[in-house]
There are 2 protein chains.
Amino acid sequence: MDVESIVFPHFEQYIRLSPELKHELANRIHLRTFEKGELVHNADTICVRSYFIRKGLLRTYFLKDDKEISEYFSSENQWVNSPRSFIKQKLDIYYIDALEKTEAFSLHVQDLVYLFDNFPEMERYARLSMGTNSGFMIERIFSLRFTTAKEKYEHFLETYQHIHHRIPLGMIASYLGISQETLSRIRAEK
Amino acid sequence: MDVESIVFPHFEQYIRLSPELKHELANRIHLRTFEKGELVHNADTICVRSYFIRKGLLRTYFLKDDKEISEYFSSENQWVNSPRSFIKQKLDIYYIDALEKTEAFSLHVQDLVYLFDNFPEMERYARLSMGTNSGFMIERIFSLRFTTAKEKYEHFLETYQHIHHRIPLGMIASYLGISQETLSRIRAEK
DNA sequence: GTAATTTTTTGATATAGGTCAAAATTTATG
DNA sequence: CATAAATTTTGACCTATATCAAAAAATTAC
């Protein structure tokens, strides 16, 4: 299985992986497949696994007035989980489902805790990669506060350069916090 | 100086502080005072210090069409810096100024790097405290996407429970991404 | 491959909140 | 304290985008 060729390079963007750590990672990460439409995580449960996507597309969403609101989308070479649920091991509002058939490497929270406890460089990895993530959130906050619906959509196209065409319009609209009618009109005018 | 009674308890919310680490922290953290209106960080420079506020109120803002837009406010027992500038050691858009006379403990980025390199528990501290922070950003993103101006203001009042009355209206409006006229009307109607 | 379902588009209308301008109030300064 | 400067409030008006409804198009299922 290609933990070595897919997951290791991701870590190595942030830290050096010792042979021991590689060994532990390889033993603890397991490939899993989700069919299109399958639920990867249910908000009824505490999130105990984090998935690193090898191929496919996942959506993190929540329910608001019985409607599905997309929180964000994740694709190849990204970790996905229900953040506050996974970190705090408590319930949270997010569901995750597969917009495409998806293959992902799965890491259990207990294994991650073991790795944090025994490999300080994993703490560093987490700190640094969270920094990358915070950067995205800062940008998103900016985009939500000060831009028109059209600019929000353009920002989305940039942020999701590689995958925007794989995501249905309605889901993009809820991600941006605009109505799908407005988004449809924005698209039409180009 | 009361690094011991102010800063240590903050760290101890997340990690145990060894005597050695306490010693290093105490040696590297220095108290500094800013007068009301004083610039704590200038966007023209790379941010090399992080400040832990002992007393006072700081504002992080940026310029947009020559207007000051408040990004967030920070008060007692919080770290403040220009996040992306401090972490990546490159220029970013944020200025920080003092809305009140402020006393803050200052930690240089080089000292922090030393601490990260020699005390793995500091990496853990950073990881965990960033998690807390991400939680706030997730909430803010929700609030910006799906709520009316009034609800945004109410969310602000919750988030800044202790300090909202110390922040001028115009700065709150730009923080929320609404016009100050609208905010003034919202306040009037209560 | 046709029917059923879901998603997207188009049209008409309503409204929250923006902008501009000026008055009122508060805060800062000599 | 008095005057200047900054901030907040109020009013009039306008526009971007929401909502509701229905048609069109695309996708899914039998």
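All figures in this text were calculated on a predicted structure; none of them were measured in a lab. First the proteins, then the strands, lettered A, B, ... as listed; each starts at 1.
Per the geometry, CG belonging to B:Leu99 stands 12 Å off P belonging to C:dA28, to the nearest Å. Here C:dT10 presents its P atom at 13 Å from CD of A:Gln180, a figure rounded to the nearest Å. The CZ atom of B:Arg187 sits 14 Å away from the C1' atom of C:dT25 (whole-angstrom rounding). For A:Glu151 and D:dT17, the CD to C1' distance is 14 Å, given to the nearest whole Å. Spacing between atom CZ of B:Phe146 and atom P of D:dT17 amounts to 15 Å, rounded to whole angstrom units. Rounded to whole angstrom, the span from the CD1 atom of B:Ile186 across to the P atom of D:dT8 amounts to 14 Å. Atoms CD (B:Glu100) and C1' (C:dT27) sit 15 Å apart, rounded to a whole Å. Nucleotide D:dT10 holds its C1' atom 14 Å from the CG atom of B:Leu183, rounded to whole Å.
Neither B:Ile96 nor B:Ile163 shares a network with the other; the hydrophobic side chains, linked directly or stepwise wherever heavy atoms of I, L, V, M, F, W or Y lie under 4.5 Å apart, form separate groups for each.
The side chain of B:Ile178 lies closest to C:dG18 when the candidates are C:dG18, C:dC20, C:dT8. Residue B:Leu169 has its side chain nearest to D:dT8 when only C:dG17, D:dT8, C:dT10 are considered.
Between B:Gly177 and A:Ile167, it is A:Ile167 whose nearest contact on DNA chain C lies nearer the 5' terminus. Between A:Lys152 and A:Glu181, the one whose closest nucleotide on DNA chain D sits nearer the 5' end is A:Lys152.
Looking at B:Tyr14 and B:Thr132, their side chains do bring a donor and an acceptor atom within 3.5 Å of each other.
Contact annotation: B:Ser179 side-chain N/O to C:dG18 OP1/OP2 distance is under 4.0 Å. Here B:Ser184 does not reach the OP1 or OP2 of D:dT8: none of its side-chain N or O atoms lies under 4.0 Å away. Listed pair A:Lys150 / D:dT17 fails the phosphate criterion, with no side-chain N or O lying under 4.0 Å from OP1 or OP2.
Applying the 3.5 Å distance criterion, the base of C:dG11 shares a donor-acceptor pair with the side chain of A:Arg185.
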Exercise. Can B:Arg187 and B:Tyr153 be said to form a side chain to side chain donor-acceptor pair (under 3.5 Å), step by step?
Worked result: CA-CA 9 Å; B:Arg187 276 189 169 176; B:Tyr153 178 59; 3.0 Å; yes
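Ring centers of A:Phe34 and A:His41: at least 6.0 Å apart, outside the cut-off.
In this structure, the separation between CG on B:Asn133 and OH on B:Tyr72 is 7.5 Å, given to the nearest 0.5 Å.
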